[in-house]
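Take a look at the structure below.
Any value given below was found using the heavy atoms of this structure, including those in side chains, with hydrogens, waters and symmetry copies removed. Quick caveat: nothing in here was measured; it's all calculated off a predicted structure. The sequence lines fix the lettering, A, B, ..., with proteins before strands; numbering per chain opens at 1.
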Amino acid sequence: KKTRRGIFKDIANLFERSEITEDLFEDLEALLIQADLGVETTLELLDNLRDRIDRERIKQPADAREALRTEMIALLENATRNRKIKIYQRGVPFVILVVGVNGTGKTTTIAKLAKYHQDQGRNVMLVAGDTFRAAAIDQLKVWGERLKVPVIAHDPGADPGAVVFDGMQAAYNRNADILLVDTAGRLHTKYNLMEELKKIRKVMQRHVAEAPQEVLLVIDATTGQNGLVQAKKFAEAVEITDIAIAKLDGTARGGIAFAIARELGTPISYVGTGEQVTALAEFNPVTYVDALFFGEEEEL
Amino acid sequence: MFETLSDRLTAVFQRIGNKGRLTEQDVDEAMREVRRALLEADVNYKVVRDFVSAVRERAVGEEVLKALTPAQQVISIVRDELIKILGEERVPLQLAQVPPTIVMVVGLQGSGKTTHVAKIANLLKKEGRRPLMVAADVYRPAAIDQLQTLGGQIDVPVYSEGTKANPVDIAKNAVKLARDRGYTVVLIDTAGRLQIDEPMMQEVERIAEAVKPHEILLVADAMTGQEAVNVAQEFHRRLALTGLVLTKMDGDARGGAALSIRSVVGVPIKYIGTGERIDAVEPFYPDRLASRILGMGDVLTLIERA
Ligand SMILES: Nc1nc2c(ncn2[C@@H]2O[C@H](COP(=O)(O)OP(=O)(O)OP(=O)(O)O)[C@@H](O)[C@H]2O)c(=O)[nH]1
Ligand SMILES: Nc1nc2c(ncn2[C@@H]2O[C@H](COP(=O)(O)OP(=O)(O)OP(=O)(O)O)[C@@H](O)[C@H]2O)c(=O)[nH]1
Ligand SMILES: [Mg+2]
Ligand SMILES: [Mg+2]
């Protein structure tokens with residue numbers, strides 16, 4: 001069993017003082033920056049907190065703590081407001097394109113989503129669109145076998161567009177409700193690789209005009225300020241509809257979610273909390289803030 | 001997306017005006033900008049705090065050299081101090097007196113361990129050594145296939161016992177085989193693990209006890225944020241790390257995590273990963289990383305020009 005060193009203890013301690021002083025804000029600044037919110041988001045959050053404390057004439061540190069919690073939740077709601085409603089139509093494959101930088105947890109998240117949709121009674125298929133990384137296809141196939149889900153794959157080194165083309169066709173032929181497409185990890189700074197994603201999108205749209213109905217960016221919870229650039233650049237290249245924050249079972253606070261919510265408002269939909277196929281949850285601002293900052297050792 | 005530190009420092013000193021000597025107040029203003037730049041580069045909060053106060057002490061009262069503007073002066077002090085922490089000299093992989101040299105890589109999930117085992121094996125092979133790679137990750141789906149595929153690309157053999165065997169036994173048997181067959185370097189790939197995962201941390205401790213590696217390298221992603229110190233500290237406490245590999249430096253991450261890790265565990269940075277391909281690995285140059293953390297690849301030329 002993993003034991004998380006709870007930041008909530010630090011938060012609780014901070015508010016255990018007799019009055020609200022400038023020290024409190026300084027300590028909060030330190031804590032939020034250490035949670036990867038970044039300087040700008042931290043400063044804005046604290047400004048909002050000061051305003052609220054003035055406006056509501058808050059005097060008790062315990063009330064200030066509640067005000068902080070409210071502000072943090074409100075900030076994250078920027079990232080749930082813009083979520084697209086998902087419409088699953090019988091007979092039309094719902095295509096989920098999964099993208100992100102190297103090693104964030106894309107392939108594992110695909111397995112988790114496959115399981116999730118399977119549990120909803122949907123017919124799922126996987127496409128091994130990462131033809132580049134060593135044994136990426138084998139990795140997806142292992143998950144396919146474990147979940148008893150078909151995997152459409154070509155040989156290593158093949159054109160990802162071609163596998164996706166076959167995947168789309170197979171989805172129609174075999175009446176798949178959900179088609180999950182894995183892609184190779186790529187840094188957002190690599191022009192050719194980002195263009196490749198656009199090409200993959202076009203291939204999908206030849207079969208289903210509205211595909212990919214979901215474009216999921218997977219971000220590693222331990223990522224620092226670079227996560228903001230990742231979200232921005234992937235959104236520019238392929239219209240991200242959802243973000244998953246993976247690896248939240250570590251000690252990282254996933255503070256980048258706040259920065260993304262504030263600056264970009266890109267929808268955040270899922271959190272990954274382990275390597276097992278069941279370790280996926282819906283992203284919920286209240287749960288996120290409570291589990292990572294205010295809660296007892298809560299499950300995410 | 002950020003203004004560069006040199007721009008911001010220049011602005012600060014334009015406001016204060018040019019004097020012969022840096023006053024405490026000038027330096028304070030400048031240090032605020034330095035602090036912010038380091039935090040935006042993901043250097044750990046506490047590391048930044050200590051660093052800034054050290055630099056401040058050095059900068060106060062320092063005469064502004066004629067050749068440099070105060071902004072450049074502060075930057076050059078900051079850079080010097082950064083390089084000091086990052087390690088002024090390159091420390092190569094320590095090879096054992098009596099082969100085989102045993103190298104183990106450890107780290108969080110997805111940091112780049114498996115890829116870097118192959119990259120390092122390839123470097124060693126080119127130096128004329130005989131590396132053997134060991135597949136001791138029995139958990140991640142297709143981890144063994146991944147190492148074998150890479151082994152095929154560089155023509156380096158992989159020792160594996162499949163996914164049913166115990167990683168401690170695999171490592172022990174591999175070292176024995178290396179002795180018998182004359183392999184000179186054994187590179188052990190381990191599964192990704194969280195530093196708070198007790199059974200997995202015990203497992204890696206047992207592997208280390210069983211084979212007594214000459215090098216235990218922590219593989220860390222350049223994009224890591226503030227948690228880098230907690231991760232590194234715990235791996236170091238349990239395993240006594242001997243070096244660091246900083247991966248995915250081919251992107252635009254500033255790599256402040258490296259500075260954090262260096263300051264808390266003190267082990268040298270041995271390699272920099274600069275891409276997915278097997279040959280995308282470089283020795284570490286402290287001055288380059290310092291400039292990058294400051295968000296100013298051009299600072300060196302800036303100072304040289306002055
Ligand atoms: N602890 C933890 N580990 C995870 C989680 N999600 C994925 N991982 C692990 O992270 C590592 C990388 O996961 P992958 O799914 O292969 O990542 P990827 O983004 O597909 O990687 P590339 O295809 O190489 O870019 C694996 O060891 C996974 O088991 C999570 O939520 N928590
Ligand atoms: N761009 C870039 N990608 C890298 C670099 N090093 C590794 N990668 C990629 O990062 C991803 C993860 O690398 P792995 O070597 O599988 O990482 P790992 O630490 O062995 O992962 P686990 O075994 O799952 O913990 C893969 O997609 C690699 O191709 C690098 O220096 N630059
Ligand atoms: Mg993958
Ligand atoms: Mg690996």
Determine the option with the most heavy-atom pairs under 4.5 angstrom with chain A, choosing from [options].
options: Met201(B), Glu276(B), Lys46(B); result: Glu276(B)
options: Pro141(B), Ala118(B), Gly110(B); result: Pro141(B)
options: Arg49(B), Gln153(B), Gln146(B), Lys248(B); result: Gln146(B)

If you measure only the distance, is there a donor-acceptor pair under 3.5 Å linking the side chains of [X] and [Y]?
X: Gln225(A); Y: Asp36(A); answer: no
X: Gln139(A); Y: Arg140(B); answer: yes
X: His154(A); Y: Asp159(A); answer: no

Inset, instruction - For residues Lys113(B) and Val117(B), determine if any side-chain heavy atom of one lies less than 4.5 Å from a side-chain heavy atom of the other. - result: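 SC-SC contact between Lys113(B) and Val117(B) ruled out.
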
Tell me, for [X] versus chain A, whether the close heavy atoms (under 4.5 Å) come from the side chain, the backbone, both or neither.
X: Asp42(B); answer: side chain
X: Gln148(B); answer: neither
X: Arg35(B); answer: side chain
X: Leu147(B); answer: neither

Has [X] got a side-chain atom pairing as donor or acceptor with [Y]'s backbone, closer than 3.5 angstrom?
X: Asp130(A); Y: Ala136(A); result: no
X: Ser53(B); Y: Asp50(B); result: yes
X: Thr222(A); Y: Ala252(A); result: no

Heavy-atom pairs under 4.5 Å with chain B, option from [options] with the top count:
options: Gly224(A), Ala246(A), Pro156(A), Gly185(A); result: Gly224(A)
options: Gly255(A), Ala111(A), Gly103(A), Ala184(A); result: Gly103(A)
options: Gln230(A), His188(A), Arg133(A); result: Arg133(A)

Legend entry - Contacting moiety of Leu32(A), where chain B heavy atoms sit under 4.5 Å: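 Contact with chain B: none, neither part.
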
Legend entry - Per-residue contact mode, Lys141(A) against chain B (heavy atom under 4.5 angstrom):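 Looking at Lys141(A), nothing touches chain B.
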
Inset, instruction - Assert yes or no for the condition that the ring centre distance of Phe293(A) to Phe258(A) is strictly below 6.0 Å. - result: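 Between Phe258(A) and Phe293(A), which both carry aromatic rings, the centre distance is below 6.0 Å.
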
